[in-house]
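The block underneath contains the structure these notes are about, expressed in structure tokens.
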Amino acid sequence: MADPFYLTTAIHYPNGKPHIGHAYETIAADVLARFHRQGGREVRFQTGTDEHGLKMAQKARDLGVTPRELADEMSGYFRDLFAKLDISHDRFFRTSEAEHHRASQALWRAMEANGDLYLDRYEGWYSIRDEAYYDESELVDGEGGDKLSPQGTPVEWTVEESWFFRLSKYQQPLLDLYRERPDFIRPESRRNEVLRFVEGGLRDLSVSRTSFDWGVKVPGHDDHVMYVWVDALTNYLTGLGFPDDTEEMARFWPADLHLIGKDIVRFHAVYWPAFLMSAGIALPKQVFGHGFLLNRGQKESKSLGNTTDPGELADLYGVDVLRYFLLREFSFGQDGSYSHEAIVSRSNSELANSFGNLAQRTLSLIFKNCDGVLPSVHERTAEDDALLAHVSRVVGKEMPVAYADLAFAQALEAWMGAVFACNAYIDAQAPWALKKTDFKRMETVLATLYAAIAQLAVAVVPVMPGSMDRLLGAMGVDAHQRDPAAILEEWYAALAGGDFRLAKPEGLFPRLEAPAQEPA
RNA sequence: GGCGGAGUAGCUCAGUCGGUUAGAGCGGGGGAAUCAUAAUCCCUGUGUCGGGGGUUCGAAUCCCUCCUCCGCUACCA
């Protein structure tokens with residue numbers, strides 16, 4: 001297969017159970033992966049969990065388990081969720097895997113060999129209780145003039161031995177990169193932020209810690225573990241077999257897209273390319289920082305008690321409804337606000353009433369009036385041609401362009417426009433009336449709709465794989481025809497001429513009840 | 001404080017390299033139809049395009065200013 005496409009999500013930090021943001025990012029990546037596979041590209045899609053770092057160590061200690069045990073458990077929740085959400089990743093990555101330690105150390109040695117790592121001392125305000133350094137500006141004044149951390153714990157000026165990465169050396173190379181490849185960081189607003197940050201000057205980065213040991217050991221210095229981001233970012237390489245010269249590395253690196261949340265753009269758009277330049281490794285093609293989902297306009301947090309379990313949403317409304325909602329409702333890249341009412345309303349009006357009902361009424365007419373035999377096309381009118389032209393344009397052109405550009409909401413908006421056109425068409429043609437007056441015309445109308453519905457279904461297979469495969473299966477559309485190119489071809493006559501018989505159609509998307517009360 | 005983004009119909013938003021009467025969906029109102037998941041289709045919006053000022057033949061779209069909200073402002077991830 002040609003044209004490889006390597007796509008990654010951020011590896012998720014499992015110091016808590018997965019939340020809606022994890023689901024959002026991973027579903028979006030999955031849709032993109034499925035879209036490219038559907039178009040014939042050879043896709044490699046990686047997600048996983050980032051298990052090192054201070055917080056995991058602290059949390060494990062609080063719970064009285066080892067970090068590894070905690071990681072095993074928490075990582076499992078992510079795996080389970082992704083299975084439930086129909087995520088089609090090729091690799092679920094865990095930074096605690098042994099080969100990952102080897103890869104991170106190889107990257108480290110490459111940066112060291114390039115003269116970009118040096119041992120020095122890290123000085124700063126350190127809170128023993130928080131096990132963290134704070135910037136002077138973050139400190140608050142306590143009673144008696146003592147300085148306190150933002151958490152109100154005492155801090156003291158501490159000096160620690162640490163390895164540093166010569167980030168300062170990469171200011172100009174990074175600025176050159178951003179200029180030469182304007183699409184390296186998307187969306188534009190994130191790019192501007194990064195640009196300004198780098199233009200403001202870069203300080204060398206402390207990249208090792210001696211205060212805890214849950215991480216990847218620095219080669220030759222066992223008392224140091226790598227700063228979590230060094231090893232976290234390396235996962236994109238390890239997943240392909242780095243540092244070995246694997247077939248996967250050759251085929252899929254550099255990555256086509258790192259899909260991440262807007263909060264970690266800096267690590268991916270500044271540190272990561274600098275590390276790679278230092279190590280002499282090709283840079284990924286694009287970093288896209290998506291927006292956050294807000295619960296009724298508010299950020300979800302445990303203290304507010306407004307967290308949402310994405311698995312529960314999937315159980316409540318259906319995986320495909322949730323997937324559709326998340327991509328349809330928000331402009332990818334911008335923050336968005338969601339609510340149970342919004343999910344129910346979107347699902348009922350678009351999936352149940354508009355598309356589901358279109359399929360149901362069309363297939364029912366064929367089932368009842370033609371005994372399940374797909375009707376022949378006799379003579380197409382201008383109305384038929386106009387409808388098919390509209391649907392083909394959307395399915396064959398507008399949606400692929402939008403998907404490829406991560407403009408999911410636009411793709412689905414165009415899709416809805418085509419669904420509306422089908423409903424307007426069926427009402428104008430009124431095949432139920434033609435049944436008595438012009439049976440042949442009725443057949444042509446139903447055949448036209450059948451082809452249109454199949455095309456519309458194929459177009460949203462990446463978004464709603466389960467439901468659409470069920471529909472297309474019921475419609476007798478072969479698996480190999482379920483891609484935007486094949487479904488635009490003349491497959492209908494062959495199918496109708498064969499011995500395929502339509503069974504009694506079943507509803508695709510049941511209407512949802514509005515939640516009586518907002519769950520706490 | 002500095003830098004950046006945003007403020008468009010009841011709601012959610014699209015639209016800005018200046019140009020015919022500013023758009024969509026949802027909700028509301030009216031009508032049609034009854035094949036279908038009581039779903040669908042048609043009709044229906046007098047909106048100060050955050051306020052004010054300016055440039056222009058002409059601005060939601062460019063400039064200035066003010067107000068409001070949000071983001072970034074490096075070593076938790």
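First the proteins, then the strands, lettered A, B, ... as listed; each starts at 1. A quick note: this is a predicted structure, and the numbers were derived from the prediction, not measured.
- Relative to the side chain of A:Arg209, the nucleotides B:C75, B:A77, B:U40 differ in distance, and B:C75 lies closest.
- Annotation: B:C75 and B:G51 have their P atoms spaced 40 Å apart (nearest Å).
- With both ends at atom C1', the span from B:U68 to B:A22 equals 24 Å, rounded to whole Å.
- For the residue pair A:Asp204 / A:Ser168, a side-chain donor-acceptor distance below 3.5 Å is found, with atom types taken as modelled.
- Put simply, CD on A:Glu413 is 7 Å from C1' on B:A14, counting in whole angstrom units.
- Between the side chains of A:Thr8 and A:His258, at least one donor-acceptor pair of N or O atoms lies under 3.5 Å.
- Going from atom CD of A:Glu25 over to atom C1' of B:A77 covers 13 Å, rounded to whole Å.
- Comparing the C1' positions of B:C62 and B:G58 gives an interatomic distance of 13 Å, to the nearest angstrom.
- B:A6 is paired with B:U68 under the criterion used here, namely a Watson-Crick or G-U wobble arrangement in which both key atom distances are under 3.5 Å.
- Atom CD of A:Gln410 has 12 or fewer neighbouring heavy atoms from other residues, nucleotides or ligands inside a 6.0 Å radius.
- Whole-Å rounding puts the A:Glu51 CD to B:C76 C1' distance at 17 Å.
- The nucleotide B:C11 finds its pairing partner in B:G25, both defining distances of the Watson-Crick or G-U wobble pair being shorter than 3.5 Å.
- Within the 4.0 angstrom heavy-atom criterion, base atoms lie near A:Leu167.
- Atom P of B:G53 sits at a distance of 45 Å from the matching atom of B:G31, rounded to the whole Å.
- Residue-level contact check: A:Gly289 touches neither bases nor backbone, having no heavy atom under 4.0 Å from any strand.
- To the nearest angstrom, P of B:C42 lies 13 Å from CD of A:Gln429.
- By the side chain to side chain donor-acceptor pair (under 3.5 Å) test, A:Thr444 is found to be paired with no residue, residues two or more places apart in sequence or in another chain being considered.
- One finds no side-chain N or O of A:Arg266 lying less than 4.0 angstrom from the OP1 or OP2 phosphate oxygen of B:A77.
- Residues satisfying the side chain to side chain donor-acceptor pair (under 3.5 Å) test with A:Ser162, not counting sequence neighbours, are A:Ser206.
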Worksheet item: With the sugar-phosphate defined as primed atoms, P, OP1 and OP2, and the base as all remaining atoms, what B/S/- string results for nucleotides 26-37 of chain B, 5' to 3', for protein heavy atoms under 4.0 Å?
Response: --------SBBB

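- Which of B:A77, B:A74, B:C41 sits closest to the side chain of A:Asn423 comes down to B:C41.
- Across all strands, A:Leu202 comes closer than 4.0 Å to base atoms (heavy-atom distances).
- The distance from atom CZ of A:Phe325 to atom C1' of B:U12 is 10 Å, rounded to the nearest whole Å.
- What separates NZ of A:Lys262 from P of B:A6 is a distance of 13 Å, to the nearest Å.
- Take the nearest nucleotide of RNA chain B for A:Val207 and for A:Gln410: the residue whose nucleotide is more 5' is A:Gln410.
- Nucleic acid contact for A:Asn369: none, since no nucleic acid atom lies under 4.0 Å from a heavy atom of the residue.
- Take A:Arg203 and apply the salt bridge (Lys or Arg N to Asp or Glu O under 4.0 Å) test, not counting sequence neighbours, and it matches no residue.
- If you measure from atom CD of A:Glu329 to atom P of B:A24, you get 19 Å, rounded to the nearest angstrom.
- Separation of the C1' atoms belonging to B:C35 and B:C70 is 49 Å when rounded to the nearest angstrom.
- Comparing B:G71, B:C41, B:A74 by their closest approach to the side chain of A:Glu193 singles out B:G71.
- Residues A:Phe212 and A:Val225 come closest through the heavy atom pair O-CG2, 3.4 Å.
- Comparing the C1' positions of B:G18 and B:U61 gives a spacing of 6 Å, expressed to the nearest Å.
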Output side-chain donor-acceptor pairs under 3.5 Å for residues 367-374 of chain A, partner residues at least two apart or in another chain, one line each.
{"from": "A:Asn369", "atom 1": "ND2", "to": "A:Leu365", "atom 2": "O", "distance (Å)": "3.4"}

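- In this view, A:Lys262 and A:Asp335 satisfy the side chain to side chain donor-acceptor pair (under 3.5 Å) rule, not counting sequence neighbours.
- Comparing B:U55 with B:C63, their P atoms sit 15 Å apart, to the nearest whole Å.
- The C1' atoms of B:G54 and B:A59 are separated by 12 Å, rounded to the nearest whole Å.
- Computed from coordinates, the A:Ile185 CD1 to B:G4 C1' distance equals 14 Å when rounded to whole Å.
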